[in-house]
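Structure, as C-alpha cells:
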Amino acid sequence: MDGNVEDFTETTTPRQAENMAEMIKVDCRNIDVFYDDKQAIFDVSLPIQDRAVTSLIGPSGCGKSTFLRCINRMNDTIEIAKVRGKIYMDGADINDHSIDPVLLRSRVGMVFQKPNPFPKSIYDNIAYGPRIHGLAAGKHELDGIVESALIKAGLWDEVKDRLTAPGTSLSGGQQQRLCIARAIAVSPEVILMDEPCSALDPIATARIEELIDELRERYCIVIVTHSMQQAARVSQRTAFFHLGKLVEYGDTERIFTNPEDSRTQDYITGRFG
Amino acid sequence: MSSPAPPNASPQGSFITEEALKRLKTRHAAERRFKLYGQVAIGIAVVALVTLLISIFGQASSAFSRHVLTFDTTLEAAQVDPSGTRDPGAIERNVSGFNLLLQDELAAQFLPEDADRNLQRELYGMFTRLAVLPIARETADRPETVGTRQSFSVALADDIDLYLKGGVSNRTQVKLGAITPVSGSLEDTVVVEFGRDTAGADIANAIERFRAQGAGDNEPTALIQMGQTWFRATDITDTTASLAYVAGARTMPGADTQGAALVLEQGQENRTVTDRQLAWTMLLKDQGRIKSVLNTSLFTNSDSTYPELAGTAAAIVGSLLTMMVTALLAIPVGIFAAVYLEEFAPKNRMTDLIEVNINNLAAVPSIVFGLLGAAVFINFMGLPRSVPLVGGLVLGLLVLPTVIIASRAALKSVPPSIRDAALGVGASKTQSVFHHVLPLAAPGILTGAIIGMARAIGETAPLLLIGMVAFVAEVPDSPTDESTVLPVLIYKWSTGAERAWEPQTAAAIIVLLVFLVLMNLFAIILRRRFERRW
Ligand SMILES: Nc1ncnc2c1ncn2[C@@H]1O[C@H](COP(=O)(O)OP(=O)(O)OP(=O)(O)O)[C@@H](O)[C@H]1O
Ligand SMILES: [Mg+2]
C-alpha cells in the first residue's frame with residue numbers, strides 16, 4: 001500500500017502499546033433484538049477486537065445481519081425492530097441519547113451484501129460522505145480523500161481515468177470495492193460487512209479478501225459470511241450464531257480445528273445450515 | 001431401457017406422449033388466442049382514436065380559414081372621428097362610424113337609390129356589426145391615417161363564410177352557354193332563349209335530383225348568372241326560361257351572353273343566406289375581393305357572440321394562469337405529502353387512515369370539488385368569482401391526490417439499498433431522501449404530476465360551479481382577473497345555436513389537444529433530462 005496514506009485511526013494510537021489481543025473496540029453486552037414480538041437475538045455478548053477481522057457465521061436466518069446492524073444502529077431505521085442491551089464503543093454507550101446515530105455511522109461504516117453504489121459518478125460516490133460530514137476544506141482536499149480511499153480499496157488504478165463515469169457502470173466486484181472505498185472515505189474506525197462477496201465470482205472475491213486483509217491493519221472489521229473458507233482465510237476471530245444465540249466465539253483457528261460445541265462442529269463440517 | 005415403449009408413444013421419443021402433444025397444442029392455441037385478443041383490443045383503441053381525430057379535424061378544418069372582403073375606403077374624418085380630436089379611445093369606440101363606411105361602399109355598388117330598409121338590412125347583414133372593430137382599432141392606433149385612403153379587410157358573416165366553404169345548402173353548377181334575352185324587363189320577368197339545346201333540361205334535371213333527395217315542401221332554387229346580373233329561374237323549358245331579377249347590374253344583358261346556373265337544394269326561405277346575399281357574394285368573389293385567409297383571430301381574439309369573431313386567446317391565457325396556480329399548489333404540496341407519508345411518517349392507524357382517504361379522494365367526482373371551491377374559496381374566504389386563482393386552487397385540490405399517489409409509487413420504486421447506502425455513510429434521513437431518493441424518483445413523480453395536470457386542464461364541471469363560465473371578452477392579465485378556460489369555452493361554443501359554432505368548437509378542441517400534447521412533450525423532455533443524469 002501507499003506509504004504516504006495518513007493514519008485514519010489516530011484516536012486509538014494511545015492504546016496501541018497494549019497487547020493487541022486485549023484491545024476491544026466494540027463491546028456488546030446482553031443484546032436482545034425483537035422484531036415486533038418475535039425475538040431474533042437472544043442475550044448475545046460479544047467483545048470485538050480492534051485491528052482484527054471478526055467473522056460471524058451461522059445458518060441462514062440465525063440473526064447475523066440483525067446483530068451486525070445493531071453496531072451502527074441501522075436497526076433504528078426498521079420501525080418494528082427493538083434493541084435491548086448495551087454496546088460500548090471505545091467505552092461509550094452507542095445507544096445513549098447523547099449519541100446521534102448519524103455521527104455513529106460516520107465512525108462505523110457499512111458494506112452491504114449487494115453492491116449498492118449511488119447512481120452517480122465514481123467520484124461523487126466516494127465524495128458524498130466526506131461532503132456531508134464536512135471532512136474536506138476544499139476541492140483539492142476532497143480530491144485527496146477520494147484518491148486515498150480508492151487506493152486503499154485497491155480500485156484506483158482501474159478507475160483513475162474515468163472518475164466521472166457512473167458508479168453503476170463498473171463490474172460487480174469493482175462496485176463492491178467502490179462501496180468499500182465509500183465506507184473508508186469517511187474515516188471510520190469500524191467497518192461492518194454483510195456478506196460482501198456473496199454476489200461476486202471467485203476472482204473478485206479473492207480480490208476483496210485480499211483487501212480485507214490489508215484493511216485489518218487500520219480498522220476493526222466485522223464480516224458476516226456464509227463461506228467457512230472465507231471466514232477461515234480472512235478472520236482472526238469467529239463467532240458462531242444459531243437460532244439467534246451466540247453458540248461459540250473464539251480464535252478462528254480454534255473454532256475451525258477444535259470447536260467446543262457440537263452444533264459448531266456440525267455446522268462447520270456441513271452437517272446443517 | 002428394456003421396458004417397452006408405451007403403446008401410444010409418438011415417433012419423437014417415449015417422453016413425448018400423445019397426451020403431452022395434445023396439451024401442447026391447446027397451450028399453443030391458447031397463446032395464439034390471447035395474442036389475437038390483444039391485437040383486437042389494440043385495433044379497437046386505434047380505430048377509436050383515429051375516428052376521433054378525423055372527425056375533429058374534419059369539423060375544425062373550416063374554422064382554421066375564414067373569408068374576408070377587401071375593402072378600400074377613404075377614412076372620412078366626419079365619419080370616423082366626428083369629435084375631430086383624433087382621440088384613439090373615441091375613434092375605437094366609434095364602431096358605427098366605421099360600419100357606415102363599409103355599408104356606404106357596399107350600397108353604392110349594389111343598391112338602387114331608393115332601396116328600402118329591408119333591402120339595406122339584407123346587404124348589411126353580410127357583415128356583423130363588430131366586423132369593423134379591427135379597423136377601428138387599427139385606425140385608433142394610427143390616427144394620422146384619418147382622411148386618407150386605406151385598404152382593409154373585414155370578416156364576412158358566419159353564414160356567408162359557411163356558404164363559401166360549401167355549407168348552408170347543397171348545390172350544383174351548370175354551364176349554360178350563350179343565352180339571349182327575347183322579351184320582358186328587369187322589373188318584371190325576362191324570357192330568355194338558351195343557345196345550347198340541353199341547357200334547360202340540365203337545369204331541370206339538377207332541380208329534380210335535389211327535389212328527390214330533399215324533404216317535404218322544400219323547393220330547390222335555380223339562380224342564373226348572366227354577365228354581372230343574377231336572376232332566379234321561375235319557369236324552365238328545354239330551350240327557354242323565365243327569369244326574375246335578383247341582384248347585380250341593372251341593365252338587360254345583351255344577346256348571346258355567356259350564362260351559368262347555380263342550382264341550390266334549398267329555397268331561400270329554408271336557408272340562412274338569401275338569394276340576393278348569394279348573388280352579392282358571388283359578384284364580390286368574381287371581382288376578386290373575397291379571399292380565404294388563415295383564421296388568426298381564432299388565436300388572437302377573445303370570446304364573442306359572433307362565431308366569426310370569436311377566438312380562444314382569453315381562454316388560452318386563462319387556462320395557462322389556472323394551470324400555473326394548480327401546479328404551484330398541487331406539485332409541491334403533493335410531493336411533500338408523498339415524501340412525508342412514504343419516508344417519514346410512522347406506520348400506524350392514523351397514517352393508514354390518511355392513506356385510505358387520499359385514495360378515496362382521488363375518486364371523488366370533480367363537481368364535488370367545484371362545490372367545495374364555491375363554498376370555501378368564494379363564500380367563506382371571499383375570493384372573487386370566475387378567476388383563475390380560484391379555478392387553479394380548486395383544480396389543485398382535485399389533482400392533489402393523483403400527484404400524491406403517483407409520487408408515492410415513484411418513491412416506493414426506489415430500491416431500499418440506496419437508502420441503506422446513504423444511511424450507511426452517515427447521511428441523515430432527510431439527506432438520504434433529498435440527495436438520493438427524491439432525484440431517483442423524480443421522473444416518476446414528474447409523470448404523475450403531468451398526468452394530474454393533464455386531468456386538470458380538461459376539467460369543466462368544477463369550473464362551471466365557481467363561475468368560470470362567465471362571458472369574458474378581455475384577455476386576463478393576472479390570476480385575479482375574470483377569465484374562462486379552454487374546456488369551458490368548448491362547452492359554451494358547443495351549445496351555440498348558429499351552425500358556424502360547430503367548426504369553431506372543433507377548432508377549440510384542437511387547441512386544447514395541442515396544449516395537452518405540448519404538456520406531454522415537455523414532460524417527456526424533462527424525464528429524459530432527469531434520466532440521463534444517472
Ligand atoms: N425487517 C425484519 N422484519 C421482521 N423480521 C426480520 C426482519 N429482518 C430479519 N428478521 C427476522 O430476524 C431473523 C434473523 O434475520 P437475519 O436477517 O438477521 O438473519 P441472517 O443470519 O442475516 O440470515 P442470512 O444468512 O440469510 O442473511 C429471521 O428470522 C428474520 O425472519
Ligand atoms: Mg443476512
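Here is the naming used below: chain letters follow the sequence lines, and residue numbers restart at 1 for every chain.
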Quiz item: Is it the side chain or the backbone of B:K347 that comes within 4.5 Å of chain A heavy atoms, both, or neither?
Solution: both
Quiz item: Measuring heavy-atom distances to chain A, does B:P346 have an atom under 4.5 Å in its side chain, in its backbone, in both, or in neither?
Solution: both
Practice problem: Mind listing the closest non-hydrogen atom pair of A:Y128 and B:A427 along with its distance? | Solution: OH-CB, 3.7 Å
Using heavy-atom distances under 4.5 Å, tell me whether [X] contacts chain B through its side chain, its backbone, both, or neither.
{"X": "A:P101", "value": "neither"}
{"X": "A:S169", "value": "neither"}
{"X": "A:V108", "value": "backbone"}

Within a radius of less than 6.0 Å around [atom1] of [X], do more than 12 heavy atoms belonging to other residues, nucleotides or ligands occur?
{"X": "B:I42", "atom1": "CD1", "answer": "no"}
{"X": "A:R162", "atom1": "CZ", "answer": "yes"}
{"X": "B:F34", "atom1": "CZ", "answer": "no"}
{"X": "A:D37", "atom1": "CG", "answer": "no"}

Distance check, rounded to the nearest 0.5 Å: [X] atom [atom1] versus [Y] atom [atom2]?
{"X": "B:L423", "Y": "A:N72", "atom1": "CG", "atom2": "CG", "answer": "9.5 Å"}
{"X": "B:S428", "Y": "A:I132", "atom1": "OG", "atom2": "CD1", "answer": "7.0 Å"}
{"X": "A:R69", "Y": "B:D420", "atom1": "CZ", "atom2": "CG", "answer": "8.0 Å"}
{"X": "A:K120", "Y": "B:L440", "atom1": "NZ", "atom2": "CG", "answer": "8.0 Å"}

Self-check item: Side-chain (A:N116) to main-chain (B:I418) donor-acceptor, under 3.5 angstrom
Solution: no
Quiz item: Is the backbone of B:V425 close enough, under 3.5 Å, to the side chain of A:H133 for a donor and an acceptor to pair up by distance?
Solution: yes
Self-check item: Within-4.5 Å side-chain heavy-atom neighbours: A:F118 and B:H435
Solution: no
Exercise. For chain A, find which of B:K429, B:R419, B:Q431 contributes the most heavy-atom pairs closer than 4.5 angstrom.
Key: B:Q431
Quiz prompt | A:F241: partners by ring-ring contact (aromatic ring centres under 6.0 Å, His included), with sequence neighbours left out | solution = A:F67
